[in-house]
Amino acid sequence: MAPFVLITGAAGLIGHYLIKTAPRWAPQWDVRGITRQDVDLTDAERLTGVVRSLKPLAVIHCAALSRTKDCEQDPEQARRINVDATAHLAQLSQRIPFIFLSSGEVFDGRTGWYGEMDKPNPINVYGQTKLEAEQAILQNPGHTVVRIVLTAGISETGDRSFVEDMCRTAKAGKDVTLYADEFRCPIPAGVIARVVWELVDRKQPGLYHLGGNERLSRWEIGETLLPWCPELKGHLMKGSARNHIGSPRPADLSLRYDKIQNLLSFRIPGFREWLAGRSRRGADLWDYLDGSP
Ligand SMILES: NC(=O)c1ccc[n+]([C@@H]2O[C@H](COP(=O)([O-])OP(=O)(O)OC[C@H]3O[C@@H](n4cnc5c(N)ncnc54)[C@H](OP(=O)(O)O)[C@@H]3O)[C@@H](O)[C@H]2O)c1
């Protein structure tokens, strides 16, 4: 039997892509995904039993309360899964490689183009819990944290990525307001999966940033998606973060990613470039197997 990697959050957006892309990008690994149905990670006793019986040789931890709004509404639940369960799982994985997906939301977004050496300063509950989890994980020099940003893709449940959110809203006949003064470096989930699989084998633990190589405003992202998602036509509204109501949102979460790029066998694409490449090849927009530009 091949050595196996345990993936948490397997029913979520990125966990699902990791599982689907493993035969292509990590054929040397056997993969087992666990979902909330298999084990609620906040049940520490059960989690301990599952990990001890499965005996994985590496763990990729994707499970989280990943929506900013949900974390703001229930900070205690956010802490239980994002910090406590994560720290516990890392502890259970102390002798094996452990990769944790964190977020650019650990920054306040005032400057943008954040590097790994920049000082985090979260402005919402989600960012705060991610930062605390990172601090627990990075105490182990064999473990890895990858901070990612706005992730595009198609989930099994159809309600996980920002693209799915936008399309669902538009299909319901509602307008989608996109801020022209809020910036991200969107990246497809297939690209993240390919990067993470390469990282598993590089054996170079530590803290990494991973974003697409193009900084776009939310408004530009919406315009870019229009030819691909016709349902958005007539429903995109240009807005400003100055009028935002709700949980605090960092203005600019562009990330410098040269540290991780130097480890990879391929170049991380920009979002528009990635979409254009797919258009040229007539590829399916969210093809699971394709993490290339
Ligand atoms: N997607 C992005 O744009 C983005 C950006 C930055 C960072 N990240 C981080 O990347 C990681 C993966 O993100 P994602 O987009 O794949 O998230 P996702 O689609 O929300 O998936 C997270 C998964 O975790 C599961 N989960 C939550 N609480 C759990 C619990 N107590 N026990 C077991 N499973 C539990 C969820 O199960 P249910 O379906 O049952 O709720 C869900 O399947 C997360 O750590 C996220 O914070 C994502």
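Just follow the structure's listing: the first ligand is 1, and inside any ligand the first atom is 1. These values consider heavy atoms only, across backbone and side chains, with no hydrogens, waters or symmetry-generated copies. The structure presented is a predicted model; accordingly, all values stated were derived computationally and were not measured.
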Judged by non-hydrogen atoms, does [X] sit under 4.0 Å from ligand 1?
X	value
Lys130	yes
Tyr126	yes
Asp43	no
Ala10	no

Would you say the side-chain atoms of Asp175 pair up with the backbone N or O of Met237, donor to acceptor, closer than 3.5 Å?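 Not a single qualifying donor-acceptor pair exists.
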I need the contact type for Ser102 against ligand 1. Using non-hydrogen atoms and a strict under-4.0 Å cut-off, is it side chain, backbone, both or neither?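 Within the 4.0 Å criterion, Ser102 contacts ligand 1 through backbone atoms alone.
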Nearest-neighbour protein heavy atom for [atom], which is reported as residue plus atom name and distance:
atom	answer
atom 44 (C) of ligand 1	Cys62 O, 3.3 Å
atom 31 (N) of ligand 1	Asp40 OD1, 2.9 Å
atom 5 (C) of ligand 1	Val149 O, 3.4 Å
atom 48 (C) of ligand 1	Ile148 CD1, 3.8 Å
atom 10 (O) of ligand 1	Leu101 CB, 3.5 Å

Distance filter under 4.0 Å to Gly9 heavy atoms, resulting ligand 1 atoms: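 Atoms satisfying the 4.0 Å criterion: 23 (C), 24 (O).
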May I ask you to list the atoms of ligand 1 that are less than 4.0 angstrom from any heavy atom of Val39?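 Reading through ligand 1 atom by atom, the close ones are 32 (N), 33 (C).
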Polar proximity ligand 1 side, Thr35 side, N/O cut 3.5 Å exclusive: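 Thr35 vs ligand 1: no N/O contact under 3.5 Å.
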Indicate yes or no: does an N/O atom of Ile14 lie under 3.5 Å from an N/O atom of ligand 1?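 Yes; at least one N/O pair falls below 3.5 Å.
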Of the listed options [options], closest to [atom] (non-hydrogen atoms):
atom	options	answer
atom 15 (O) of ligand 1	Ile34, Ile81, Leu13	Leu13
atom 1 (N) of ligand 1	Asp70, Thr157, Thr151	Thr151
atom 26 (N) of ligand 1	Arg36, Arg80, Arg184	Arg36
atom 17 (O) of ligand 1	Ser66, Ala78, Gly12	Ser66

Phe100 ring center within less than 6.0 Å of His143 ring center: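 They do not qualify: ring centres at least 6.0 Å apart.
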